[in-house]
Number of protein chains: 2
Amino acid sequence: MDAMTRVEQTLNAAVARGEAASCPPRLARAVRYAVFPGGARIRPRLALAVARACGDDAPRLSEAGAAAVELMHCASLVHDDLPCFDDAETRRGKPSVHKAFDERLAVLTGDALIVLAFQVLAQAAPAAPDRLPALVAIVGASAGLPSGISAGQAWECEPAVSLSDYHREKTGALFAAATMAGAAAAGFPHAGWRELGETLGEAYQVADDLRDVAGKAEDLGKPVGRDAALGRPSAAAELGVAGAMARLDGLVRQAIGAIPECPGRDDLRDLILLETKKFLPKGLAQSAA
Amino acid sequence: MDAMTRVEQTLNAAVARGEAASCPPRLARAVRYAVFPGGARIRPRLALAVARACGDDAPRLSEAGAAAVELMHCASLVHDDLPCFDDAETRRGKPSVHKAFDERLAVLTGDALIVLAFQVLAQAAPAAPDRLPALVAIVGASAGLPSGISAGQAWECEPAVSLSDYHREKTGALFAAATMAGAAAAGFPHAGWRELGETLGEAYQVADDLRDVAGKAEDLGKPVGRDAALGRPSAAAELGVAGAMARLDGLVRQAIGAIPECPGRDDLRDLILLETKKFLPKGLAQSAA
């Protein structure tokens, strides 16, 4: 079964468990709406790729670790979109949860998704119970204090802050959770997998900056890129397109160098090279080829 | 060490871990503000009482289970107080979190407290790793879907609902988590401990209704009770004060009868009788004596 199918099936089973007759129906619908259809599912696919490189000897637990990271990502999108934060009208091409339902349900959907991330881990624990403490700790650290995504988002509430740092932290926290959860689910020590995740997270962020700029360049009739409109720092703005692409290239090399020893190291390297090429918008990917 | 001290020390250590230099300072302050000073800590003290009745052979894990339930309770108070729900100005005699900080920090504080509940469990897991899956499952079920406190709160978002049912569910879910977590932390099968928790939760709810009414009777210069003002169903309003007190008495008897076999069954029974007397407002407790 390919990684994307494993991810979708695990997420579907997790969401379905909450849809019992006793669940308030609007909340059950909002939770499903927040998870499906998904984006590229890049974090859970990364978790499964690392698990496979480490032998993937407890596949249900690998899938649970991957799903937990994605559920936490979905939770953060729902809460970040709330009126008191980004007040975003749309997400993944459809109305955001608080627009499609209401603000109360958006708060509760985020809460329920955070809890669900841990429930998914506990349900899969019988596959290898001794690996659960590390998985709960990894997913918890990526989401909580002092440096998970809740903490990352809270930098918006400080009088003086480097927005650049906080955006990178928020992305890096979940990418690092993905690589570490993949290793931990397969019974490997996970600490050594942090750098790979953080570096890939930073590469993803630079590629995102480039997509924002390239979108503007490709279609001059549209308003300027979202980062510029929001006054957000951007590698593309700071370094120029060529400079940002060189930075991206350097980060991918650094990531490859950071892969710890494991049985499937070569395959994982090839997969990362293939996937990071997809980060770039089409026009830039062709010019980089 | 008495139960209250164990609860406060465990909560303090949990909150302190998030206060590293890398944590956004306002969020760190808001999290501490939401947890301290606490109320009666009735749920975590109940968890510790059950753990003690079951031998309490892994005290760090019992304390973690107790703290996790209380952190989840604190999280639900912060989110329930938000403007989109109760829009509460005060909580535990001081401004609510969104009033003292702001709405964004209240959302993130609730999120961080939910995550912290699971982090506390994982950190204590080395004491008895095989008990972690049950503890994560118990705390997760009390907070998530289909019938935890997120689900309970979401009944407010349904067009037709029994408010009475949902208030009892919200209270029952965390009381049941307290008794089951206490048993699971001590290595006992936890399912048999659900009824005790749910029944005590219902008793607490009836006592709360009585306090609301008694507050009115004792001080006629104040506005009518909060339940009546909010149009909330109340055992005291439905059954009258005498009827509600008879109901409370019946629930306490039912709870006592629901205590499963365990080494400290008699002590636990005595403690429950003592504590449930404290549920009542002073005037009523005297008339019931």
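In the text below, chain A, chain B and the rest are named by the order of the sequence lines, each starting its count at 1.
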Residues of [range] with any heavy atom under 4.5 Å of a heavy atom in chain B:
range	answer
residues 18-39 of chain A	A:Gly18, A:Ala20, A:Ser22, A:Cys23, A:Pro24, A:Pro25, A:Arg26, A:Leu27, A:Val31
residues 113-138 of chain A	A:Ile114, A:Val115, A:Phe118, A:Gln119, A:Ala122, A:Ala125, A:Leu132, A:Pro133, A:Val136, A:Ala137
residues 96-112 of chain A	A:Glu103, A:Arg104, A:Leu105, A:Val107, A:Leu108, A:Asp111, A:Ala112

Residue-level interface, residues 172-196 of chain B with chain A, non-hydrogen cut-off under 4.5 Å: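 Contacts with chain A: none.
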Residue selection (most heavy-atom pairs with chain B, distance under 4.5 Å) from A:Met72, A:Glu158, A:Arg17: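 Ranked by heavy-atom pairs under 4.5 Å with chain B, first place is A:Glu158.
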Leading residue by heavy atom contact count with chain B [cutoff under 4.5 Å; candidates A:Gly144, A:Ser150, A:Cys157]: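 It is A:Cys157.
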Proximal component of A:Ile149, with respect to chain B [non-hydrogen, under 4.5 Å]: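 No part of it gets close to chain B.
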